[in-house]
Amino acid sequence: TVAVFGCGTIGLFTILVARAMGASTIIGVDPSKTNLKIAEELGVDATLKVSSDPTKTPGPAPDHEIAEKIRKQCFGEGVDVAFEMSGSNQALNTAIASTRAGGDIILFGLSSGDYILTNFQDIILHGKSMHSVVGRKVFQTWYIASNLLMSRGHSLQDKIYDVILNKGKDTVFPFKDFDKTQFEKAIELIKQKTKQIKALNIIMINKKKGFYINNYFTERPEYFTIHTKIRDDMFLVCSMPFENEKGWSKLENNTNRIYL
């Protein structure tokens, strides 16, 4: 049994992978109705909306109502694994409170800074384990991901495109329609209007040379090489430092599509 706290893009992928790996019950938790609707389309067994006040920053204390609802759906014990994918201190403590004795909490959403554990005794007395994510179990993770993406025993590939990428509507653009100057102005406007977006990756796909990603919020260019071809429009990729900091001049003349 699994609970995913934070149903943004990475949380949605977590739901797909958890189901494909055999999770019997998946619960999605998020303050956004839109994110929860997408999670439902991906096949979660239940969704729980977190009450939020946009004028206030939630404290670190867990949401006991959410935790109790999750425990009730899991024989009164809690989930086997809780994924903290939101970066919220409150979500972290709610995830801990929602996990059964001997269960696991995956820390993915947490960023830099200080976080408060409001009930450390709960972790010690009930043998709960907290795991960081480094993404560097090379070969093991690549083989698992590759097998998942190439397998036709589930609908993971179709749901990535149909649901998460919304069948390409407003997420996939022909490169010939892309105007770099106008786009960068739009990105600056987004950065000025909101502080909630941590990162926005622009991915330009070139089937021969690989993937170019420029993170407009950290200005960290990376070049992604194709690792495994899944089908004509889907690849499993691995990253490496981008040799050309400007990047655009190298790929913009022969890049096929842009993913946002």
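Minimum interatomic distance between L42 and K159 (heavy atoms only, all atoms of both residues): O-NZ, 3.1 Å. Of all the heavy atoms in A39 and I15, the pair that sits closest is CB-CD1, 3.9 Å. Taking every heavy atom of both residues into account, F5 and A91 meet most closely at CD2-O, 4.2 Å. Considering all non-hydrogen atoms of both residues, A67 and A97 come closest at CB-CB, 4.0 Å. Between S88 and E84, the shortest heavy-atom contact is N-OE2, 3.9 Å.
No side-chain heavy atom of H64 sits under 4.5 Å from any side-chain heavy atom of E68. Side-chain atoms of M21 and I144, non-hydrogen and from C-beta on, do get closer than 4.5 Å to each other. Within the 4.5 Å cutoff, the side chain of M130 has heavy atoms near those of the L92 side chain. Residues I105 and S129 have side chains not in contact (no heavy-atom distance under 4.5 Å, counting atoms from C-beta outward). Looking only at side-chain heavy atoms (C-beta outward), T99 and V81 stay at 4.5 Å or farther from each other. Side-chain contact between I164 and L16 is present, with at least one heavy-atom pair separated by less than 4.5 Å.
I66 and V4 are not part of a single hydrophobic cluster, where members link through side-chain heavy atoms under 4.5 Å apart. V29 and F108 are members of different hydrophobic clusters when ILVMFWY side chains are connected at heavy-atom separations under 4.5 Å. No continuous path of ILVMFWY side-chain contacts below 4.5 Å connects V44 to L48, so the two sit in separate hydrophobic clusters. In the hydrophobic cluster analysis, where Ile, Leu, Val, Met, Phe, Trp and Tyr join through side-chain heavy atoms closer than 4.5 angstrom, I70 is grouped apart from L107. The cluster map of Ile, Leu, Val, Met, Phe, Trp and Tyr, joined by side-chain heavy atoms under 4.5 Å apart, puts V2 and V133 in the same cluster.
No donor-acceptor distance shorter than 3.5 angstrom exists from the side chain of D162 to the backbone of K167, with no hydrogens or angles considered. Not one N or O on the side chain of D63 forms a donor-acceptor pair closer than 3.5 Å with the backbone of T94. Checking side-chain atoms of D30 against main-chain N and O of C7 turns up a donor-acceptor pair under 3.5 Å. Y115 contributes no side-chain N or O that, together with a main-chain N or O of N89, makes up a donor-acceptor pair within less than 3.5 Å. Looking at S155, its side chain never comes within 3.5 Å of a backbone N or O of D158 through a donor-acceptor pair.
Taking D122 as the reference, I96, N119, H126, K128 meet the side chain to side chain contact (heavy atoms under 4.5 Å, CB included) condition, with sequence neighbours excluded. By the side chain to side chain contact (heavy atoms under 4.5 Å, CB included) test, H154 pairs with A20, L148, S151, L156, Q157, sequence neighbours left out. Listed by chain and residue number, L117, I123, I124 satisfy the side chain to side chain contact (heavy atoms under 4.5 Å, CB included) test with F120 (two or more places apart in sequence, or in another chain). With sequence neighbours excluded, the residues that form a side chain to side chain contact (heavy atoms under 4.5 Å, CB included) with K49 are K33, L36.
Sorted by first and then second residue, the salt bridge (charged side-chain N to carboxylate O under 4.0 Å, His left out) pairs with a member in residues 6-19 read R19-D45; sequence neighbours excluded.
Within a 6.0 Å radius of CD in E41, more than 12 heavy atoms belonging to other residues, nucleotides or ligands are found.
In this structure, T14 OG1 and I106 CD1 are separated by 10.0 Å, a value rounded to the nearest 0.5 Å. Rounding to the nearest 0.5 Å places OG1 of T47 at 10.0 Å from CD1 of I27. In this structure, the separation between OG on S86 and CD1 on I10 is 13.0 Å, given to the nearest 0.5 Å.
Remark: E40 does not engage K37 in a salt bridge, criterion side-chain N to carboxylate O under 4.0 Å.
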Name each donor-acceptor pair under 3.5 Å that joins a side chain in residues 72-80 to protein atoms two or more places apart or in another chain, with its distance.
unit_1, atom_1, unit_2, atom_2, d
D80, OD1, R100, NE, 2.5
D80, OD2, T1, N, 2.8
D80, OD2, T1, OG1, 3.1

